[in-house]
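Before any comments, here is the structure.
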Amino acid sequence: MLNPDEAHTDSMMKPPALLLHVLVLVGLTLVSVFASATQPLASERERVLVHMVRQDCGSCHGLTLSGGLGSALTPAALAGKPVDGLVATIMDGRPGTPMPPFRGILSEAEAYWIIDQLMQGFPADRGLASQGAQR
Amino acid sequence: MSKENVRLSPPLLWGFLLPVMVFLLSACTSAGPVLRGTGDLGVLIERADGRVKIVDTSARSVLAQVEGLGDLSHASVVFSRDARYAYVFGRDGGLSKVDLLTARIVRRIMQAGNAIGGAISQDGRIVVAQNYTPGGIKAFDAETLELVADVPASYGSDGKRSKVVGLADLPGNRFVYSLFDADEIRVTDLSDPAHPVTQRFPAGHQPYDALVTPDGRYYIAGLFGEDGLAMLDLWQPQQGVRKILSGYGKGDAPLPVYKMPHLRGWAIAGGRAYLPAIGRHEVLVVDTATWQEVGRIAVKSQPVFVMARPDGREVWVNFAFPENGWVQVIDTLKQDVVDTLQPGRAILHMEFAPRGEVVWLSSRDDNRVFIYDTASHKQLHSFAAASPSGIFFTSRAARTGF
């Protein structure tokens, strides 16, 4: 469902005419709306990711991300670590440890966004949007 | 002296005084504490808010809440042997003793930097915490929470300390636990807390959690780093650790594991143990007499809790992220899944009533606790709770390994 490569290709095109400008703009908007590409993620998706990191990553890294079975993910703990390496850890896991790969669950753009947020101090969880009536 | 002089007051005056006294006494009673037992109480963790709710499993209601318990991600609870006090172990190393009747924290200490749970001794006098940082176990006086023993999980020659998992109480005020980083099972005898005695056993690669059978005889540690489980017969520990279910993955690469399964004595039903397979969509079934595999049951996703209903007739299973909205029910006679439920989003925990007529399910992402009838598998009731996770009923107070 997420395809960041598409957006890269689009933004590298050299449009000859106004029509193409418009088409590219519309295309990019659609891509970013439906695929949350490299630019800011849709706010609802951000909320889902914050919730996922705090709660589900938190089952090993702690709700406060200060560590558990997994290492601490606080700005101090991550300071100075190469961003690409951290993104690779999210996408492909760390073989030999319990850290699983999130490829298929997260796009690379989302992993970059998560690392960026972790390094700045991760946002508070606002929970998920409520889902219809309770059964 | 005449008899009349002895009379305290005339009958007419008593006629007025008695109703007044009855009224005043009844007023006193309603203002004072209500007498009640604790056998049907429980504690529900609201993990994100550092709060627990004290629940009444008969009325199916919330009695009170207690705030200020710190970081409760992966919090767990054990009960005093009189089932009046709950010892709440927080992720941040906090250990709080909560009075279920007054709904107050009576003691609270910070005992470690990073902790993962605890246990209480057979005689109820010692509470033991299992810690990741610094790796080891610490024992506290159950009354005062004063430190009585500190047993580091040191290994190797350079003083490294392992994360401790799978702590369980054993008869004789002994405690058994596993060292995730050191591939070991250890048994520490705390019958004289001033002089703890520890035995060490090689376990296999990366034990992640463990259970002790309800009789306290067998300790079974799940291994993250290999296909199989480590079993120690605590009646004959000199025989060492035996591998059970070796090679259950049949050489297949395990699927990514987004949540470590939880093991407790609830896995045992009708002479069989029902164990979650790591990285596979299966529940493994072992005969507890021979410890040979007697079956495997295909389930929806990767199991986290595989819990027998107290009568052992059914086994309920919940699942790891991202399939954590499902619950499946296994019929132990048919050895197959007979029901698939979708109670709510992110079902983190299940707890059966002591005799199993209902099960409580916490739905973290719907902020609700659901109560299901275990005969009809229908929802009976639900109530709101903030990010509920662990549910612990006081019936655990009387069980070894809880």
Side-chain angles (χ1 to χ4, degrees), chain A residues 1-2 44-45 47-74 76-77 88-107 110-111 122-135, chain B residues 47-50 70-75 90-93 113-116 132-133 163 165 180-181 205-206 208-209 224-225 253-260 262 278-279 302 304 320-322 324-325 341-346 348 363-368 370 378-379 382-384 386-387 389:
Chain A
M1 78 181 157
L2 301 154
E44 188 46 40
R45 183 62 182 164
R47 182 171 169 177
V48 169
L49 294 181
V50 168
H51 181 70
M52 189 192 99
V53 171
R54 286 268 175 209
Q55 301 291 335
D56 294 300
C57 303
S59 59
C60 281
H61 295 280
L63 279 173
T64 60
L65 304 174
S66 53
L69 191 64
S71 50
L73 303 178
T74 52
T89 298
I90 293 182
M91 297 310 286
D92 301 317
R94 288 182 67 188
T97 77
M99 177 65 192
F102 281 79
R103 198 175 289 283
I105 291 175
L106 296 172
S107 71
E110 290 172 331
F122 206 72
D125 182 15
R126 293 183 293 134
L128 292 183
S130 61
Q131 197 182 57
Q134 299 296 343
R135 277 141 298 165
Chain B
R47 68 204 299 251
D49 297 309
D71 177 358
L72 295 183
S73 48
H74 210 290
R91 165 70 86 184
D92 54 6
N114 200 306
I116 193 69
Y132 281 171
T133 319
K163 299 182 181 85
V165 298
F180 177 81
D181 306 297
H205 197 34
Q206 293 172 325
Y208 65 85
D209 197 8
F224 180 78
L255 299 166
V257 177
Y258 296 108
K259 173 89 185 112
M260 289 286 186
H262 284 255
I278 267 269
Q302 290 183 46
V304 174
F321 171 88
N324 54 11
L341 311 170
Q342 214 174 353
R345 292 179 295 173
L348 289 200
S363 167
R364 183 194 67 201
D365 290 352
D366 279 329
N367 295 300
R368 271 195 112 66
F370 297 102
K378 296 279 186 264
Q379 192 197 121
S382 76
F383 63 88
S387 272
S389 55

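Proteins come first, then strands; the chains are lettered A, B, ... in the order of their sequence lines, and each starts at number 1.
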Greatest number of heavy atom pairs closer than 4.5 Å to chain B - which of A/Gly127, A/Pro101, A/Cys60, A/Gly104:
A/Pro101

For B/Arg364, is it the side chain, the backbone, both or neither that has a heavy atom under 4.5 Å from a heavy atom of chain A?
side chain

Heavy-atom nearest pair, B/Tyr132 first then A/Leu69, reads CE1-N, 3.1 Å

Just how far is it from atom CG of A/Leu63 to atom CG of B/Asp49, taken to the nearest 0.5 Å?
10.0 Å

Where does B/Tyr258 contact chain A at under 4.5 Å (heavy atoms): side chain, backbone, both or neither?
both

What residue in B/Arg47, B/Gln206, B/Lys259, B/His205 has the most heavy-atom pairs under 4.5 Å with chain A?
B/Arg47

If you take all heavy atoms of B/Val257 and A/Pro100, which pair is closest and at what distance?
O-CG, 3.3 Å

Across all chains, not counting sequence neighbours, the side-chain contact (heavy atoms from CB on, under 4.5 Å) partners of B/Asp365 are A/His51, A/Leu128, B/Arg345, B/Ala346

Evaluate the side-chain proximity of A/Thr97 to B/Phe224: yes if any heavy-atom separation is below 4.5 Å, no if none is.
no

Could you look at A/Met52 and say if it's the side chain, the backbone, both or neither that has a heavy atom under 4.5 Å from chain B?
side chain

For B/Thr133, is it the side chain, the backbone, both, or neither that has a heavy atom closer than 4.5 Å to a heavy atom of chain A?
neither

To the nearest 0.5 Å, what is the distance between CG (B/Asp92) and OG (A/Ser66)?
8.0 Å

Check each atom of B/Asn324 against the heavy atoms of chain A and say whether the ones under 4.5 Å are side chain, backbone, both or neither.
side chain

Taken in chain and number order and not counting sequence neighbours, the residues that satisfy side-chain contact (heavy atoms from CB on, under 4.5 Å) with A/Ala77 are A/Ala72, A/Thr74

Which pair of heavy atoms, one from B/Ser73 and one from A/Gly62, lies closest together, and at what distance?
OG-CA, 3.9 Å

Could you tell me whether a side-chain N or O of B/Arg91 sits under 3.5 Å from a main-chain N or O of A/Ser59, the two making a donor and an acceptor?
yes

